[in-house]
Amino acid sequence: MNKIRLKFNPYTYVRVNVMKTLLINKQQWQSFFKMGPNEILRSVEDSGYKEEIASMGIGKQSIASIEIALNKNLVRTFKKLQTISDDRLRAVIGIYLYKYDLSNIKTII
């Protein structure tokens, strides 16, 4: 098996660090347990997931729609990571996504 040797890419490093600051932190997750679906939806929308929430439509305000919006954001984030990465890092991200897919398939089975 060939090893992938990654070199330091300052641009990708900085972009990823900025993207990490936009994630929902542990304190926000804890506060979600005390909220209803509409409050969670509003809070998630205010924390950077507005595009995904808007694509869902106004009438869909359930926990399932929040989960769908979070998954759409995850997809958008990985696409952005692949766009800003070089070929080697893109290969590593692809392997990680393949591992994630296999885990989801195991869960379904």
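This chain uses plain numbering: 1 for the first residue, then up along the sequence.
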Side chains of [X] and [Y]: closer than 4.5 Å at any heavy-atom pair?
| X | Y | value |
| --- | --- | --- |
| Val92 | Arg88 | no |
| Gln82 | Phe78 | no |
| Leu74 | Tyr100 | yes |

Using a 3.5 Å distance criterion without hydrogens, assess whether the side chain of [X] forms a donor-acceptor pair with backbone atoms of [Y].
| X | Y | value |
| --- | --- | --- |
| Thr77 | Asn73 | yes |
| Gln30 | Gln27 | no |
| Ser85 | Leu81 | yes |

TODO: Please report the closest heavy-atom contact between Ile84 and Thr12, naming both atoms and the distance.
DONE: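 Heavy atoms of Ile84 and Thr12 come nearest at O-OG1, 3.2 Å.
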- [ ] For residues Arg76 and Glu52, report the shortest heavy-atom separation together with the two atoms involved.
- [x]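 Closest heavy-atom pair between Arg76 and Glu52: NE-OE2, 2.6 Å.
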Open item on the list: Is there a path of hydrophobic side-chain contacts, each under 4.5 Å between heavy atoms of I/L/V/M/F/W/Y residues, joining Trp29 to Met35?
Closed with: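 Cluster IDs for Met35 and Trp29 match.
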Task: Single-linkage hydrophobic cluster Ile105~Tyr96, side-chain heavy atoms < 4.5 angstrom - done: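 No, Ile105 does not connect to Tyr96 through the hydrophobic network.
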Open item on the list: Counting neighbours of CZ on Phe32 that are heavy atoms of other residues, nucleotides or ligands and sit closer than 6.0 Å, is the number greater than 12?
Closed with: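 Counting other residues, nucleotides and ligands, CZ of Phe32 exceeds 12 neighbours.
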TODO: Please test Arg90 against Thr83 for side chain to side chain contact (heavy atoms under 4.5 Å, CB included), starting from the C-alpha separation and ending with a verdict.
DONE: CA-CA 8 Å; Arg90 204 172 293 129; Thr83 302; over 6 Å; no
Task: side chain to side chain contact (heavy atoms under 4.5 Å, CB included) partners of Val75, counting only residues at least two apart - done: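 Scan of Val75 (side chain to side chain contact (heavy atoms under 4.5 Å, CB included), adjacent residues dropped) gives Lys79.
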Task: Reported CD1-to-CD1 distance for the pair Ile40 and Ile24, which is rounded to 0.5 angstrom - done: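 If I round to the nearest 0.5 Å, the distance is 10.0 Å.
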Open item on the list: Before you tell me yes or no, could you show the steps for Leu102 and Tyr98 under side chain to side chain contact (heavy atoms under 4.5 Å, CB included), namely the whole-Å CA-CA distance, both residues' side-chain angles and the distance that decides it to 0.1 Å?
Closed with: CA-CA 6 Å; Leu102 289 177; Tyr98 182 71; 3.5 Å; yes
